[in-house]
Amino acid sequence: MAIRNIVKEGDPVLTKVCRPVEKFDQKLHVLLDDMYETMTDGEGVGLAAPQVGILRRIFVIDIGEGKIECINPKIVKTSGVQETSEGCLSCPGEFAVTRRPMYVTVKAQNRYGDQFTINAEGLLAKALCHENDHLDGILFKEHVIRKIKPGEKI
Ligand code: CO
C-alpha cells in the first residue's frame with residue numbers, strides 16, 4: 001500500500017465527471033487500498049478517486065464504523081434534511097455548515113463487482129453524498145449555507 005498525493009481545490013481534475021469502472025482487477029484493488037491508506041493518513045472520513053487524480057467512479061468511506069468501498073455508486077433515494085459541519089481533504093482547513101439529506105440509500109458495487117445496497121443516516125449519509133458529488137466534479141462548497149470561522153465551535 002502507498003499514500004498518494006491528495007489533489008487540492010483549484011486543480012481541474014476535481015471538476016470533471018468520472019467514468020464508470022469496468023475492470024474489477026488487481027489494479028483496482030491496489031487503488032482502493034491506497035485510497036484507504038491515504039484517507040486514514042489524512043484523518044478524513046472519505047476519499048474519492050478524483051482526489052488522487054483518478055477519474056473513475058470510486059470512493060472509500062470510514063466514519064469509524066469500518067471501511068466501505070463503493071464502485072459505480074448511485075444514490076437511489078434521499079429523505080430528510082441535516083445541517084451540520086463539513087470539510088474536505090482537498091480543501092484543508094476549511095469548514096462550513098452544509099445542507100444534506102438525513103437519509104440516503106446507495107447502490108454500488110464492491111471491489112469484486114458484486115452489487116450491494118447501503119441504507120445510511122446522519123454522518124454516513126452526509127459522507128456518501130459528499131463523496132458521490134466528487135465523482136461528478138462537485139465540491140461541498142456548493143452545499144454551504146454558512147461558513148465556519150477558524151476555531152469556531154458549532
Ligand atoms: Co471531499
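When a ligand or atom number is given, it counts from 1 through the structure's own listing order.
For the residue pair Ser90/Glu9, the side-chain donor-acceptor check at 3.5 Å is not satisfied. Side-chain contact annotation: Asp62 with Tyr36, donor-acceptor N/O pair under 3.5 Å present.
Closer than 2.8 Å to the Co ion (ligand 1) sit the protein N, O or S atoms Cys88 SG, His130 NE2, His134 NE2.
A search for side chain to side chain contact (heavy atoms under 4.5 Å, CB included) contacts involving Lys8 returns Ile6, Pro92, not counting sequence neighbours. Take Asp136 and apply the side chain to side chain contact (heavy atoms under 4.5 Å, CB included) test, not counting sequence neighbours, and it matches Val17, Arg57, Ile138.
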Distance-only criterion, 3.5 Å: show the donor-acceptor pairs between side-chain atoms of residues 18-29 and protein atoms not counting sequence neighbours.
residue, atom, partner, partner atom, Å
Asp25, OD1, Lys27, N, 3.4
Asp25, OD1, Leu28, N, 3.1
His29, NE2, Arg111, O, 2.8

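A donor-acceptor pair is defined here as one N or O able to donate and one able to accept, closer than 3.5 Å; such a pair exists between the side chain of Thr38 and the backbone of Arg4.
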